[in-house]
Each structure stands twice: as structure tokens, then as C-alpha cells.
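Below: the structure, in C-alpha cells.
In the text below, chain A, chain B and the rest are named by the order of the sequence lines, each starting its count at 1.
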Number of protein chains: 2
Amino acid sequence: MNKTGQISTSELAKRGGVNLETIRYYERTGLLAKPPRSAAGYRQFSPESVRRVRFIKRAQELGFSLKEIKELLALRIAPGSTRADVRKRAEAKIADIEGKIEHLRAMKKTLVRLSETCCGSGPASDCPILESLSLDEKEK
Amino acid sequence: MNKTGQISTSELAKRGGVNLETIRYYERTGLLAKPPRSAAGYRQFSPESVRRVRFIKRAQELGFSLKEIKELLALRIAPGSTRADVRKRAEAKIADIEGKIEHLRAMKKTLVRLSETCCGSGPASDCPILESLSLDEKEK
DNA sequence: CTTGACTGTGTACCTAAGTACAGGGTGTAG
DNA sequence: CTACACCCTGTACTTAGGTACACAGTCAAG
């Protein structure tokens, strides 16, 4: 880190919890904007980049592809788009997220039932509750 | 499908919403148990396999890897494990799921704010709310 | 009894998302 | 001024999760 608060590639990687090469990969693929460079050509990231990297990793854990994450992030800076357009796209993403939350809730419910009803000791293989795990709460 | 209700590989693929080859891939990697075969060597899946395949796909959309999904499904049939053990592992998965739900809620909240506050017309690029999208609700 | 739609195995190929160098410049502490 | 820890670019390799054949057997309809 230098006096102006800018951070290096490895610093960003460390604070973002990712590999050094991943940062360069994200820049190449446009997930991270090309940062300004020092006289020697060193990348100078803003501290806010750390949040961006973490956001990317978290969204990934939630099942979004890098392409989808790029779309999410693009909502912020869409240059030629109107607010109404941003709104429409945001609402699509919201619906998407709500669907994920619903599915997770269904999975959780099944597991809670599994864990609560099926407690005690003895072999687990003959527990009838276990059978329900792969059940679709809602056929879709 | 034959008279005993067993279904073919392609039938399972179609109903599960995946590629034919994916079914064989899942069998190879142990996500799907090796089904009994007809005299000619054709796979005969039970209709319940459809639910299993769908469960796998859905869990994947929610950010679980096939390896993790295998663990989830293994809770059902863990042969040498006690119920207390199954319970412990189920609870770990539940915590995992709760974390995902929390993160999704935070993402949704940001997007809802984005969509609600930033409505109207005009270019979207100078909207201050958009800046908050990559914000961590909780630094972790 | 052949033809066309399936099924099987095996192997090769593909995309997404990294990860790992090699080969070379930079910068600062001793 | 030289070590040593960084940084750069470019290219190649890897892993997960499929997909796509080629080549061969099966089976129901005409």
C-alpha cells in the first residue's frame, strides 16, 4: 500500500481472499476494471476493489456464474441505459434471487426434519425420514 | 417406460431436464446408484431417480458442487453411521444453507433499494444508489 | 427381415474458472 | 551495488462438469 491508499495486486488478492492470478484473470475478463498503473507499470487498485472481489466470490458461492455476476455489477454503470431499464433488469435479478432463497428454504426444511426427527442412536440406514431428502417440495 | 414402471436412461434425462450423457456421467461419478439392467444390458431406473436428478440440478444452481451434493445425498444412506452422526452432519449443512440465505437476502435488499430508489427516467450512470451494490453488508 | 430409433461402452473433446510458470523488470535494505 | 521480494506479460496447464462421437448391439413396425 502506498501513501495515497492505493493497493497492489497481491494486496488486493490477499484482502479479497483469492489467488494473485485470479485478480489478473478478473481484470482480463472484465470483472475488474483496468486500474491505473504506476510509472513502472504496477497496478494501483483502489481499496474499494476489495469489496468488489469479495462480492464476486460470495455471489459465486450462491450459484451465480462470472457472466451473471458481471451483469449484476453492470447494473451500476450501464452507460447508455435508462433508469427504467436498470430497474427492469434489477427486478429480474431479484426474482432470480427469490427463487434461490425459496429452494434453499425447502432444502433446509427437509434437513431440519431429518435432523430433528431422526435423532437418537443406532444405525441410520433404516430411518424413513432420510428418504425424503431428494424430494421436490414443488414440482416445477 | 416398461410395464413395471422402470424408465430408460433417455427417459430419465428428459424428465430430469438434463442431457442423456449427464445421466451416465452421474452414474460413473457415484451421484446416481448403478441401476439394474435388462437382459440386453439396458439401464432400468426407478421413477424416483427423476427426483434425485432434479435435486442435483437444483442444488447445483444454489452453489453446491457435485461433491457437496454427494455428501448431502449420503446423509440418507450412510451405512455405518449412527443417527447422532447423521444429525451432526445435517446440522453443518443447515448452517451452510442458512449462510447462503443470509447472503442472498443481503444481495436482494441492495437490489430492491437500487430498483426502488433509482426509478424514473434519464441516464443511470450518475445514480448514487448504484454505488452500493458491491457493498458487504457484513465484513466477514 | 430389414430399417430406424434406441441403448451400450469407450474415448475424446469442450467450457468455465482458475493456477502455474518462465523470463524479465523494479525497488529498497543492508 | 547487490540481494531479495515484488511486479509485469505471455503462455501453458489444471479441475470440474459435462458433451460428443464412433462403433456396435437391440427391438418394434412395416
In plain terms, say whether A:E91 and A:R87 are close enough for a salt bridge, that is, a side-chain N and a carboxylate O under 4.0 Å apart.
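Salt bridge flag = yes for A:R87 with A:E91.
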What are the bounds, 5' to 3', of the part of DNA chain C that sits under 4.0 Å from heavy atoms of chain A?
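Under 4.0 Å from chain A, the extent on DNA chain C is C:dA17 to C:dG27.
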Not counting sequence neighbours, which residues clear side chain to side chain contact (heavy atoms under 4.5 Å, CB included) with [X]? List them please.
{"X": "A:K88", "result": "A:D85"}
{"X": "A:K34", "result": "A:E27"}
{"X": "B:Q60", "result": "B:Y26, B:K57, B:L66, B:I69"}
{"X": "A:A40", "result": "A:S38, A:Y42"}

B:E68: salt bridge (Lys or Arg N to Asp or Glu O under 4.0 Å) partners, not counting sequence neighbours:
none
Only counting residues at least two apart or in another chain, list the ones meeting salt bridge (Lys or Arg N to Asp or Glu O under 4.0 Å) with B:K108.
A:E98
Can you tell me the distance, in whole Å, between the CZ atom of A:F45 and the C1' atom of D:dC8?
12 Å
Using atom CG of A:L20 as one end and atom P of D:dC7 as the other, report the distance to the nearest whole Å.
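Between P of D:dC7 and CG of A:L20: 7 Å.
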Indicate for each nucleotide in nucleotides 9-24 of chain D, in 5' to 3' sequence, whether protein heavy atoms under 4.0 Å reach the base (B), only the sugar-phosphate (S), or nothing (-).
B-------BBSBB---
Contact class for B:T9 vs. all strands (heavy atom < 4.0 Å): base, sugar-phosphate, or nothing?
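Sugar-phosphate: the residue B:T9, judged by heavy atoms under 4.0 Å, touches backbone atoms but no base.
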B:K93: what forms a side chain to side chain donor-acceptor pair (under 3.5 Å) with it, not counting sequence neighbours?
B:E71
